[in-house]
Protein chains: 2
Amino acid sequence: MLSQKARYALRAMLHLAAKPKDEPQQTADIADAAGVPRKFLEQILLDLKRRGLVYSVRGRNGGYQLGRDPKDIEFAEIIRIIDGPLALSPCASRTAYRRCDDCTDEATCAIRKALIDVRNATAKILERHSLSDALADRRKMKPAA
Amino acid sequence: MLSQKARYALRAMLHLAAKPKDEPQQTADIADAAGVPRKFLEQILLDLKRRGLVYSVRGRNGGYQLGRDPKDIEFAEIIRIIDGPLALSPCASRTAYRRCDDCTDEATCAIRKALIDVRNATAKILERHSLSDALADRRKMKPAA
DNA sequence: TAAATCTCTATTGATTTGATAGAGATTATG
DNA sequence: CATAATCTCTATCAAATCAATAGAGATTTA
């Protein structure tokens, strides 16, 4: 399961993706639109900012914009920043590989093998799914009435 | 990420799968072989027993056996029992669907759509991966020397 | 009857999660 | 320049979850 925080992050990013690129959106507005507690959202946006996914403008009329084109921001990246690796076990992670403390023989671990398959399938989907894909999906699902 | 408990459960089940079907294995032995704290393992096995994955024999010389043929016990089932649904969000789960509390429009939720794709891919792998598959993998990886 | 085992429930300490708070730093504007 | 509006940073907190331990009970064999 994703954390609530990661779901908030995805919603906030999707909101930003739907806005004109260079009109900073304020945390209060994003929080309202995405249904996220404002102070909690601020922490989330700071994390995303530190990794370059959003760009911030300080001071009056400041706010947040996407740091890159929506087509270059993948679900996978957002989730990894907030929740950590996609894999079901550290030993099956590519971005944050770590040997299991209590693993006796990784080479023959049949559990690990299955978990790597899952991690690859998950990454394949989430690394190919960008914010612009999501916007397109949304338009498709709810045709302009 | 799977919980430690789920990893323990997979290891314990794999250990049982490698043993003759009708020789009850004792928790102390399984715990030792699978590297799981004994009392913690007992809880895990009880959960698995309640769902029919293992069968127990009480009293002296008692112990645990698989409740079904290893080929009919899937990783997915073990993980679901211990950790709950495979999906990344309740709204993307098939076995434990629940609407997101704060979801405004599920029909057009582009996040949900991606998460459903992930859940389907994950389930496809883990529902087709049985304990006997895992034993076969292990033999393949470590040919009888 | 005693020993070996599974069964059940409670408890505990550590960590994580989700959220709130408030004091800075920065900028636009009147 | 003063002020209001904003992002920035760190601390704190309560509740939930996780990982593990404990121990009394029930069951079976020898």
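It should be emphasised that the depicted structure is a prediction, and the values quoted were computed from it without experimental measurement. Atom set for the values below is all heavy atoms of this structure, side chains included, hydrogens, waters and symmetry mates excluded. Naming: A, B, ... by sequence-line order, numbering from 1 per chain.
- Residue B:L41 contributes atom CG, which lies 12 Å from atom C1' of D:dA20 at whole-angstrom precision.
- Atom CD1 in B:I44 sits about 13 Å away from atom C1' in D:dT21, given to the nearest Å.
- In this structure, B:G59 reaches the bases: a heavy-atom distance under 4.0 Å links it to at least one base atom across the strands shown.
- Across all strands, B:K39 comes closer than 4.0 Å to base atoms (heavy-atom distances).
- Residue side chain A:E42 does not reach the base of D:dT6 through any donor-acceptor N/O pair under 3.5 Å, judged by distance alone.
- Distance A:Y64 OH to D:dA5 P: 18 Å, rounded to the nearest Å.
- Membership of the apolar cluster around B:V57 extends to B:Y55, as traced through chained side-chain contacts below 4.5 Å between ILVMFWY residues.
- Contacts between residues 72-96 of chain B and DNA chain D, counted as heavy-atom distances below 4.0 Å, involve no residue at all.
- Look at B:Y8 and you'll find a side-chain N or O under 4.0 angstrom from OP1 or OP2 of D:dA20.
- Residue whose closest nucleotide on DNA chain D sits further toward the 5' end, between A:K49 and B:K5: A:K49.
- Residue B:N61 places at least one side-chain N or O under 4.0 Å from the OP1 or OP2 atom of D:dA30.
- Per the geometry, CZ belonging to B:R60 stands 16 Å off C1' belonging to D:dA26, to the nearest Å.
- Backbone-only contact: A:R50 has heavy atoms under 4.0 Å from sugar-phosphate atoms and none from a base.
- Distance, A:E23 CD to D:dT6 C1': 17 Å, rounded to whole Å.
- Of the residues A:L48, A:L2, A:L10, the one that meets the side chain to side chain contact (heavy atoms under 4.5 Å, CB included) test with A:I82 is A:L48.
- Scanning DNA chain C 5' to 3' for nucleotides with an atom closer than 4.0 angstrom to a non-hydrogen atom of chain B gives a first and last hit of C:dA3 to C:dA10.
- What separates CD of A:Q43 from P of D:dT12 is a distance of 14 Å, to the nearest Å.
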